[in-house]
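Nothing here was measured: the structure is a model prediction, and the numbers come from that model. Numbering of ligands and ligand atoms starts at 1, following listing order.
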Amino acid sequence: MIPFNKPYMTGKELWNIAQAHVNGHLAGDGPFTSKCHVWLEQTIGSEKALLTHSCTAALEIAAILLDLKPGDEVIMPSYTFVSTANAFVSQGAIPVFIDIRSDTLNIDETKIEQAITNRTRAIVPVHYSGVGCDMDTIMSIASRHGLIVIEDAAQGVLASYKNTPLGGIAQLGTLSFHETKNIIAGEGGALLINDPIFIERAKIIREKGTNRDAYFRGIVDKYTWVDTGSSYLPGEIIAAFLYAQIQEAEDITSRRISMWNTYHHAFSNLEAKGLCRRHFIPAHCQHNAHMYYLLLNTMEDRNKLIDTLREMNIQAVFHYIPLHSSPAGKKFARTSGNMSVTNNLSQRLVRLPLWIGLEDKIIDIANTVNSIIEEIYSK
Ligand SMILES: *Cc1c(COP(=O)(O)O)cnc(C)c1O
């Protein structure tokens with residue numbers, strides 16, 4: 001069976017973990033964590049990067065930083081992972097879902113303004129598949145209405161929008177290093193702080209609500225409980241693993257892009273014949289080949305493709321069940337406007353296997369997909 005995903009190791013991870021032990025520091029915020037922070041700050045251009053256990057944890061810190069009051073609203077797409085919404089629900093806020101664009105499957109920026117009320121506090125654009133949302137429009141709406149923007153760049157490491165790295169555009173950004181993402185630590189993430197106003201408090205929230213960081217920097221003479229927070233920092237074993245990946249991040253990305261290009265060229269005929277729509281990348285976006293997806297013409301065709309591929313030992317998968325149609329989404333969130341694009345495209349999307357080590361098989365998989373789709377539409 002060709003799995004949909006297989007976590008990649010560079011070969012340096014275990015050596016780094018042994019080194020972390022030699023360093024005599026296995027709790028969080030040791031030398032490997034610092035190296036990861038420096039790389040993230042230099043690569044993304046953030047004022048401060050903070051490693052977390054997950055992108056979920058980074059979104060939670062962001063939500064705490066907003067000082068939300070019960071009933072405050074946060075605008076986001078429904079076509080996203082649970083954590084985008086859950087982090088804000090945990091702080092008493094109401095996610096307000098709006099529809100996505102049919103080309104990129106990103107939040108439809110033209111529908112944001114009509115979703116804004118006097119309770120709106122923030123907008124959370126999700127850069128689906130490492131393709132940037134229309135950040136110019138989103139940032140200008142936010143500044144007009146005094147809203148904070150938090151980029152969910154979980155899938156967006158080393159991708160950019162108009163030459164600015166994803167996660168480095170809004171006041172706050174979040175990354176994921178989950179094993180299904182491009183650069184991995186098993187479970188892991190980062191909070192990217194681009195507006196320095198949030199730095200000190202973010203450090204406190206991440207360190208159990210203590211001013212431990214200020215104490216170690218000699219700014220206060222004892223460390224104590226000063227704010228709300230939790231333990232959001234990963235240990236050095238995770239950071240050591242991640243640093244090995246980070247050192248090969250450019251190479252990993254270009255190898256993924258080359259596989260992505262093979263798929264994309266292989267499906268141009270299908271698209272020309274109207275049998276499917278290919279993954280779309282706007283000219284001003286540099287993507288990171290986080291995934292390769294196709295949109296079939298109907299849900300039935302999409303499911304037939306997935307089933308037939310499974311019979312041929314290739315695992316292809318659909319993606320999000322829109323959050324507005326989930327039990328918790330109905331309970332904790334509301335929608336603004338209709339969700340027709342979200343409902344429609346989520347039923348027609350299929351993601352193909354794409355991971356380092358699959359280079360030799362991509363063309364075979366593409367040929368198989370091509371003949372299955374031709375067959376589906378020949379009837
Ligand atoms: C993967 C993902 C997350 C969650 O990341 P974790 O590191 O698993 O918490 C959040 N948002 C989006 C868009 C994701 O793709």
Atom CE of M312 with >12 non-hydrogen neighbours under 6.0 angstrom
no

Student check: side-chain heavy atoms of K48 and F198 closer than 4.5 Å
no

Quick one: does L40's side chain get under 4.5 Å of L175's, heavy atoms only?
yes

Test ring pair (Phe, Tyr, Trp, His ring centres under 6.0 Å) on H53 and Y232 and set out the steps.
CA-CA 6 Å; H53 289 304; Y232 287 119; 7.6 Å; no

Are there any N/O pairs under 3.5 Å between ligand 1 and the protein, and if so, what are their distances?
{"residue": "ligand 1", "atom": "5 (O)", "partner": "S176", "partner atom": "OG", "Å": "3.4"}
{"residue": "ligand 1", "atom": "7 (O)", "partner": "C55", "partner atom": "N", "Å": "2.8"}
{"residue": "ligand 1", "atom": "7 (O)", "partner": "S176", "partner atom": "OG", "Å": "2.7"}
{"residue": "ligand 1", "atom": "9 (O)", "partner": "C55", "partner atom": "N", "Å": "3.3"}
{"residue": "ligand 1", "atom": "9 (O)", "partner": "T56", "partner atom": "N", "Å": "2.8"}
{"residue": "ligand 1", "atom": "9 (O)", "partner": "T56", "partner atom": "OG1", "Å": "2.5"}
{"residue": "ligand 1", "atom": "11 (N)", "partner": "D152", "partner atom": "OD1", "Å": "3.3"}
{"residue": "ligand 1", "atom": "11 (N)", "partner": "D152", "partner atom": "OD2", "Å": "2.8"}
{"residue": "ligand 1", "atom": "15 (O)", "partner": "Q155", "partner atom": "NE2", "Å": "2.8"}
{"residue": "ligand 1", "atom": "15 (O)", "partner": "K181", "partner atom": "NZ", "Å": "3.3"}
{"residue": "ligand 1", "atom": "15 (O)", "partner": "Y320", "partner atom": "OH", "Å": "3.4"}

H284 atom NE2: more than 12 heavy-atom contacts under 6.0 Å
yes

Check which hydrophobic residues are tied to W225 through side-chain heavy-atom contacts below 4.5 Å, counting indirect links as well, and list them.
none

